[in-house]
Trainee: 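Below is one structure. I have some questions about it.
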Amino acid sequence: MLRLLVYAFLLCAAYFFIKKVARSFLEGYHQGGDRRPAPPPGEAELVRDPQCGAYFMRQKGIKGVVEGKAMHFCSEECYDKYLKRKSRS
Ligand SMILES: [Zn+2]
């Protein structure tokens with residue numbers, strides 16, 4: 001009799017486990033496509049500071065024009081350093 005109870009319990013546990021796995025699998029399948037919403041163009045874009053090599057969000061940096069090219073720097077300091085380095089070489 002005890003064995004029957006154990007089997008019943010195991011069956012219930014297996015049933016709930018499978019149900020849970022199936023649900024999370026289905027949810028993962030449905031959410032899979034649009035987990036990362038695309039950032040607005042040109043705004044939340046990661047750019048690299050050519051002076052110190054740090055990556056930062058474009059709108060948080062400094063925009064500078066070096067030799068006719070628009071460049072982005074993490075700070076005014078890096079912009080100055082880069083300009084000096086460019087004028088030296
Ligand atoms: Zn920098």
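Indexing begins at 1, ligand by ligand and atom by atom, following the structure's order.
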Trainee: Would a 4.5 Å heavy-atom cut-off, applied to side chains only, mark Met57 and Leu46 as touching?
Mentor: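 The answer is yes, as the side chains (C-beta and beyond) meet within the 4.5 Å cut-off.
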
Trainee: Strictly below 4.0 Å, N to O, side chains only: are Glu27 and Arg23 in salt-bridge contact?
Mentor: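 No.
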
Trainee: Do any protein N, O or S atoms sit under 2.8 Å from the Zn ion (ligand 1), and which ones are they?
Mentor: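 N, O, S partners closer than 2.8 Å: Asp49 OD2, Cys52 SG, Cys74 SG, Cys78 SG.
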
Trainee: So Phe73 and Val66, do their side chains get closer than 4.5 Å, heavy atoms only?
Mentor: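 Answer yes - side chains close enough.
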
Trainee: Measuring only between side-chain heavy atoms, which start at C-beta, is Tyr55 closer than 4.5 Å to Val47?
Mentor: no

Trainee: Tell me, do Lys81 and Lys84 make a side-chain contact under 4.5 Å, heavy atoms counted?
Mentor: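 No - every pair of side-chain heavy atoms lies 4.5 Å or more apart.
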
Trainee: Answer yes or no: is there a side-chain heavy-atom contact under 4.5 Å between Glu67 and Lys69?
Mentor: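 Side chain of Glu67 against side chain of Lys69, heavy atoms only: no contact under 4.5 Å found.
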
